[in-house]
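Shown next, in structure tokens, is the structure this report addresses.
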2 protein chains.
Amino acid sequence: MKKRITIHDIAKMAGVSSATVSRVLGNSTYPVSAKLRDKIVKLAEEMHYIPNMIGKQLKTNNNMTIGVIIPTISNPFYASVMLGIEEVARKKGYHVLLGNSLQDGKIEEAYLTTLFEKQVKGFIISSISDNKKLLMNLIDLGLQVIAIDQKIDLPEVQQIEFDYRRGGFIATSHLLEQGHRRIAYVSAPLNRPSRQSIYEGFLDAMQQAGAQDDEVLVQIANEEKEIYDGIYEFENGKALTANLMDLDQPPTAIFACNDLTAFGVMNELVARGLKVPDDVSVVGFDNIEYARMFTPALTTVKQPNYEMGKLACTMLLDKLNDEAGDSMDVLLQPKLIVRDSVGKL
Amino acid sequence: MKKRITIHDIAKMAGVSSATVSRVLGNSTYPVSAKLRDKIVKLAEEMHYIPNMIGKQLKTNNNMTIGVIIPTISNPFYASVMLGIEEVARKKGYHVLLGNSLQDGKIEEAYLTTLFEKQVKGFIISSISDNKKLLMNLIDLGLQVIAIDQKIDLPEVQQIEFDYRRGGFIATSHLLEQGHRRIAYVSAPLNRPSRQSIYEGFLDAMQQAGAQDDEVLVQIANEEKEIYDGIYEFENGKALTANLMDLDQPPTAIFACNDLTAFGVMNELVARGLKVPDDVSVVGFDNIEYARMFTPALTTVKQPNYEMGKLACTMLLDKLNDEAGDSMDVLLQPKLIVRDSVGKL
DNA sequence: GTGAAAGCGCTAACAG
DNA sequence: CTGTTAGCGCTTTCAC
């Protein structure tokens with residue numbers, strides 16, 4: 001293991017001062033004679049000089065890295081967001097640190113503090129904790145934060161959200177337009193604002209259509225298990241659908257709070273010998289890749305997650321570089337993706 | 001935005017030297033009187049002291065972060081690996097930087113160099129580049145590397161691989177055991193060793209069963225498109241299956257090189273009015289979460305990807321801390337997951 | 001048990 | 001144009 005070469009080594013060899021070397025190798029705009037410049041560049045190459053960014057960071061107090069904290073990367077929704085974030089970060093010379101909070105506020109806070117100690121000045125968070133104190137302290141110390149998907153109620157935090165309520169509305173409207181009246185909403189617990197909003201969108205549409213109370217079927221799980229993968233959602237969809245279909249008057253259409261849950265819904269229906277969409281129609285939410293691969297292909301509501309990642313990162317880097325225009329919040333609009341899981345009644 | 005507090009500030013307030021403060025706050029084992037210790041700890045808390053790890057890093061030349069470079073986090077296989085990596089890293093106080101190489105050797109190399117400049121000393125890579133020169137240089141300078149999934153042919157690099165060949169073998173054997181003879185293998189281009197190995201495993205099993213040449217059907221795509229998501233694999237599965245079923249004597253079973261491709265296979269079969277597994281049996285490879293959610297649930301070969309992530313990270317951290325026993329390579333064994341997509345002939 | 005001082009690798013006033 | 005110098009925040013000998 002060789003000794004690492006520093007600008008001082010180069011300076012000594014070139015017979016110049018380390019300041020000159022720094023100016024050349026650090027692409028400073030500072031004037032240096034062509035002769036010296038060449039000499040230094042050549043020497044650096046020969047010696048395989050590799051700059052030590054830690055030294056630079058300590059001096060300039062600017063490390064080009066941002067932090068991303070999400071519930072779990074194993075959820076394809078966040079994987080997509082992450083891909084978008086990383087892409088714009090890379091193109092602007094930033095690196096991305098990933099933290100999975102696993103729905104645990106303690107882990108989220110630990111990441112916030114330890115990364116801030118490493119001088120990470122920008123974060124993109126899908127927050128799970130409602131403890132604003134730590135975040136406020138850090139923002140006071142110069143931290144920049146973009147909240148995605150889950151709102152963080154602080155004026156300094158910029159929000160990028162989906163219009164979940166509208167998403168719930170258009171999905172339900174689609175079902176109504178196809179003639180369905182007895183429509184069920186199937187969901188994980190409403191402990192996240194997003195789920196609450198989709199539910200409200202569902203109710204909006206049903207109410208607007210003048211639905212009777214007995215036509216509005218709702219199945220919401222009581223408790224949520226760990227979310228290391230999509231299995232909980234799937235099982236939840238199955239279980240709640242079982243409840244629904246055991247009813248005297250089962251629904252003719254089911255709207256699920258996300259695609260994973262919709263997969264569970266369809267699975268249970270098929271297990272009972274029912275056909276989708278002939279016997280029961282199903283609509284999902286998220287438009288993960290697999291929605292189009294399923295048979296029947298799932299009609300669902302698309303959230304622009306990859307785009308959300310790109311947008312979030314762009315906004316964050318702008319803020320970090322003081323290029324932030326008016327710091328506006330963004331509400332991304334959903335889009336209905338019609339496939340084969342909904343039939344006319 | 002407040003000024004940041006340093007150990008010198010604390011030292012001044014406490015009327016001690018910064019060395020003493022460092023000893024207390026850095027949990028050094030160095031003896032400090034209980035009186036001073038208390039005073040300093042209390043003061044640090046009151047002043048909301050936050051250590052600057054960059055200073056520490058410059059001195060100790062040890063930043064607790066590792067780098068992960070994979071083709072794309074939007075592939076659920078890698079998302080799972082990443083989750084495993086991050087979990088053990090977090091528990092040992094490390095942070096994880098994520099880089100998506102997008103199958104581009106240039107991007108991979110750029111990550112390698114820029115992260116190394118940031119003094120990242122440990123990497124977990126699913127490599128796409130075959131340019132060993134850069135990697136060798138960095139290893140010479142103290143870099144530690146674990147290769148996952150894709151082998152890197154350097155003695156200093158520890159390998160964690162899957163036994164793809166055996167996976168291909170057991171999947172095919174399963175089909176043979178169910179009485180199938182005309183079995184097709186459907187794959188993306190064999191430009192990655194993993195795909196080549198699965199294919200070899202397929203041939204092993206067919207040969208061992210004494211299959212006639214005309215019973216061994218092979219469909220391999222010519223070229224691969226971008227892999228930002230799973231769509232290519234899906235479409236590829238559809239297209240190659242179409243070729244297969246247009247044959248005079250189509251196969252009774254199809255083995256796909258991964259689950260995404262298998263989804264495409266099933267989709268095409270259903271589109272042609274064929275039933276799985278009644279008319280044609282299908283086996284996948286990977287056991288991604290969605291395999292069990294599909295109808296029919298996909299019989300497939302499980303790769304322990306989450307476990308691979310945990311193992312890779314454990315091995316890397318051991319190496320970084322010189323706790324590496326004999327640096328052994330690992331060949332993780334596959335397991336057949338029997339579900340509902342294969343029928344007896 | 002405590003402090004003084006050097007220095008990790010780099011940048012940036014300032015002086016020449 | 002180039003060099004000298006100070007210092008970013010921290011740890012760690014070494015001396016007391």
Side-chain angles (χ1 to χ4, degrees), chain A residues 1-41 43-44 47-64 114 116-121 141-142, chain B residues 1-41 43-44 47-64 114 116-121 141-142:
Chain A
M1 189 166 121
K2 297 180 200 158
K3 182 195 168 291
R4 302 272 257 270
I5 292 204
T6 73
I7 50 171
H8 296 102
D9 300 328
I10 306 249
K12 203 164 290 170
M13 296 179 203
V16 300
S17 79
S18 59
T20 308
V21 178
S22 170
R23 294 199 260 256
V24 173
L25 266 23
N27 331 300
S28 155
T29 56
Y30 215 85
V32 175
S33 72
K35 197 168 63 175
L36 276 188
R37 168 164 263 122
D38 276 8
K39 189 171 179 180
I40 289 168
V41 167
L43 215 42
M47 304 305 301
H48 296 112
Y49 167 70
I50 296 181
N52 182 335
M53 289 302 171
I54 302 293
K56 176 174 183 163
Q57 281 173 39
L58 184 57
K59 180 70 187 179
T60 62
N61 192 22
N62 174 11
N63 69 3
M64 305 279 282
T114 54
F116 192 71
E117 290 176 354
K118 284 191 181 169
Q119 308 306 109
V120 173
K121 304 280 192 356
L141 292 166
Chain B
M1 188 167 121
K2 296 178 200 158
K3 183 196 167 295
R4 304 270 258 269
I5 292 201
T6 73
I7 51 171
H8 296 101
D9 300 329
I10 306 250
K12 204 164 289 172
M13 295 178 204
V16 300
S17 78
S18 59
T20 307
V21 177
S22 170
R23 285 174 192 137
V24 172
L25 265 24
N27 329 299
S28 155
T29 56
Y30 214 88
V32 174
S33 72
K35 198 167 61 176
L36 277 189
R37 167 164 262 120
D38 276 8
K39 191 172 181 182
I40 289 169
V41 168
L43 213 41
M47 302 306 300
H48 296 111
Y49 167 70
I50 297 181
N52 182 336
M53 288 303 171
I54 302 291
K56 174 174 184 164
Q57 280 172 39
L58 184 57
K59 182 69 187 176
T60 61
N61 191 21
N62 174 11
N63 70 3
M64 305 280 283
T114 53
F116 192 71
E117 289 176 355
K118 285 190 181 169
Q119 308 307 109
V120 173
K121 304 281 194 349
L141 292 165

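Below, chains carry the letters A, B, ... as their sequence lines are ordered, and counting in each starts from 1.
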- [ ] Could you check A:L58 against B:G15 and say which one's nearest nucleotide on DNA chain C is further toward the 5' end?
- [x]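 Closer to the 5' end of DNA chain C: B:G15.
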Could you check whether any side-chain N or O of [X] sits under 3.5 Å from a backbone N or O of [Y], counting only pairs where one atom can act as donor and the other as acceptor?
X: A:K118; Y: B:M64; answer: yes
X: B:N52; Y: B:T6; answer: no
X: B:R4; Y: B:I50; answer: no

Task: Interatomic distance where NZ belongs to B:K39 and P belongs to C:dG1 [whole Å] - done: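 The distance from NZ of B:K39 to P of C:dG1 comes to 17 Å, rounded to the nearest Å.
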TODO: Mind running side chain to side chain contact (heavy atoms under 4.5 Å, CB included) on A:L43 and A:Y49 for me, showing each step along the way?
DONE: CA-CA 8 Å; A:L43 215 42; A:Y49 167 70; over 6 Å; no
Open item on the list: Going 5' to 3' along DNA chain D, which are the first and last nucleotides with any atom under 4.0 Å from a heavy atom of chain A?
Closed with: D:dC1 to D:dG9
TODO: Can you check each nucleotide of nucleotides 10-16 of chain C against protein heavy atoms at under 4.0 Å and return B for base, S for sugar-phosphate only, - for none, in 5' to 3' order?
DONE: BBBBBB-
- [ ] Identify whether any heavy atom of B:I54 sits under 4.0 Å from a base atom; if not, whether one sits that close to sugar-phosphate; answer base, sugar-phosphate or nothing.
- [x] nothing
Open item on the list: Measuring from atom CZ of B:R37 to atom CG of B:L25, what distance do you get when rounded to the nearest 0.5 angstrom?
Closed with: 9.5 Å
Task: Qualifying residue for side chain to side chain contact (heavy atoms under 4.5 Å, CB included) with A:V24, from A:L36, A:I40, A:V16 - done: A:I40
Task: Minimum side-chain heavy-atom gap B:H48-B:I5 below 4.5 Å - done: no
- [ ] Using a 4.5 Å cut-off on heavy atoms from C-beta on, say whether the side chain of B:Q57 contacts that of A:Q57.
- [x]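 In short, these two side chains do not touch, never coming nearer than 4.5 Å.
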